[in-house]
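Small disclaimer: the values here were computed from a predicted structure and weren't measured. Just so it is clear, the values below take in all heavy atoms, side chains as well, and ignore hydrogens, waters and symmetry mates. In each ligand, atom 1 is the first atom listed, and ligand 1 is the first ligand listed.
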Amino acid sequence: MTTLTAVRTSPLRALYEDFHRHPEVAFAEHRTTAVIADLLRERGLEVTTSETVTGVVATLANGKGPVVALRADIDALPISEQTGVRYTSETAAMHACGHDVHITSLIGTIDRLLAERATWSGTVVAIFQPAEEVGSGARAQIASGIFADHPAPDVVLGQHASGALPPGTVGSRPAVLQAAADTWQVTLRGDGGHAAGPHKTMDLIVLAAAIVLRLQTIVSREVPPNETAVVSVGTIHAGTVSNILPDELTFTVNARSFTEDVRALIERAVKRIVVAEAQASGLQEEPEFEHIVRFPLNVNDAATYAVVRSALEDEFDAESFTVVDPVTGSEDFGEFGTSFGVPSVYWFFGTGLAEEVADRVPAPNGHSPWYAPDPEIAIATGVRALTAVALRALRETGSRHSAQAL
Ligand code: ZN
Ligand code: ZN
């Protein structure tokens, strides 16, 4: 694949810097959506945006063959950028997770596919997904009905920038790549009162303390020791001054899991412990649960993973491919494969660091106000990886379309 090794990044570099200057947080990616839609229309793709949700879906049809979906997420984070790069954020948000690299890499890949369209046949569906950072963007985009205007994919492929992998290399793993993440907000209500007369109140602070400690027995006493899981209480809010016991308390429980069984076990255990501790305290009102964040597992289909790995090893070289450990960070990419009922595969690519932040210790990675990828390495690697995998998938994916054509 020597034709792909020299990716000219300059026009893409200008695009990248534009996206980096104008970051928009989840579900507010209005400018980003408009810019992407214009770029794709200029390139002659069938482009759809939704009335109800940000993001873009576009189809590039090129004859008979499989339908390969390529997904990039487009939202930024509510972080104030500290990198000092020339093209620093002009909004209160920041592309601190590299989604600007993802957008640029997918557009660069479309350009490569257009330039080489005589060498492949099939259909590419480009998915520019909003609101990955809050875990509900993929679901919202699917629910908006936007995919009704596009062919149903046979496979879904995606990638994420990484400050941890060596620059210019790629990595992934078969089966579960990224944890499921769930957040429940729990509200307790009871009679507050004078801190000097706790026997006449329901002390929600003491109740919450018991719940928090007991929740820590889920991983240590209930999850099988050969499984990996995390349960954390990230927030507790109650009270105003020291001599009043509050009448309402809220806390959030964040859990990570690598199988649906463990995920369900944790959810049952959290609810059981909260309800039982509330009863043990004599709380009259039922605790209230709200499932406020829900990231699916990100599972790489084994057969498709083998195809993707082979394409990446051919494009870079075998030493440039790392089999990574499962990641406790989460990602809602898995919603697409599940929703379309087709395999999906996801991988990471090493971006290096921009010279402005290259000497920082520890080295900044995603979600840091100092994370700035090296633009040339990031764009070139993202385009090369996604193009190589897309071309391989177009040539090797069994398709309902080609099956119908037989
Ligand atoms: Zn992120
Ligand atoms: Zn991200």
Side-chain angles (χ1 to χ4, degrees), residues 16 19-20 22-29 32-33 36 54-56 70-83 89 91-107 127-141 156-165 170-173 177-183 230 234 254 256 292-298 300 324 326-336 344-354 357 363-375 378-379 381-382 385-386:
Y16 165 74
F19 288 122
H20 192 87
H22 300 99
E24 295 168 303
V25 297
F27 294 120
E29 311 94 329
T32 308
T33 294
I36 293 169
T54 42
V56 182
L70 308 177
R71 175 272 205 175
D73 42 8
I74 67 171
D75 55 323
L77 286 156
I79 292 178
S80 173
E81 178 160 1
Q82 305 295 325
T83 63
S89 168
T91 76
M94 175 186 177
H95 269 299
C97 201
H99 297 186
D100 46 356
V101 179
H102 305 173
I103 302 167
T104 309
S105 297
L106 180 45
I107 291 169
I127 303 172
F128 292 86
Q129 182 215 302
E132 182 279 330
E133 296 290 357
V134 295
S136 53
R139 282 200 304 277
Q141 191 174 35
V156 187
L157 304 164
Q159 59 178 2
H160 204 295
S162 166
L165 280 177
V170 287
S172 186
R173 65 175 291 106
L177 178 66
Q178 291 180 274
D182 293 283
T183 299
V230 183
N254 185 272
R256 308 280 162 149
I292 57 174
V293 180
R294 191 194 311 254
F295 281 91
L297 285 166
N298 190 6
N300 281 338
V324 300
V327 179
T328 51
S330 300
E331 163 63 68
D332 71 351
F333 170 75
E335 299 282 2
F336 293 108
S344 64
V345 172
Y346 198 72
W347 64 91
F348 301 110
F349 61 101
T351 62
L353 289 171
V357 297
N365 203 344
H367 291 214
S368 160
W370 290 281
Y371 176 57
D374 179 306
I379 297 165
T381 310
L386 193 56

Protein N/O/S atoms closer than 2.8 Å to the Zn ion (ligand 1) = Cys97 SG, Glu133 OE1, Glu133 OE2, His367 NE2

ask   = Residues two or more places apart in sequence or in another chain: which of them pass side chain to side chain contact (heavy atoms under 4.5 Å, CB included) with Ala372?
value = Thr83, Val85, Ala354, Val357

ask   = Under the side chain to side chain contact (heavy atoms under 4.5 Å, CB included) test, which residues partner Thr32, sequence neighbours left out?
value = Phe19, Glu24, Glu29, Ile36, Ile74, Ile103

Test: Glu331 and Arg71 ion pair at under 4.0 Å = yes

key: With Phe333 via ring-ring contact (aromatic ring centres under 6.0 Å, His included) - residues at least two apart   = Tyr346

ask   = Which heavy atom of Ala76 sits nearest a heavy atom of Ala93, and at what distance?
value = CB-CB, 4.3 Å

ask   = Okay, side chain of Arg173, backbone of Val324: is any donor-acceptor separation there less than 3.5 Å?
value = yes

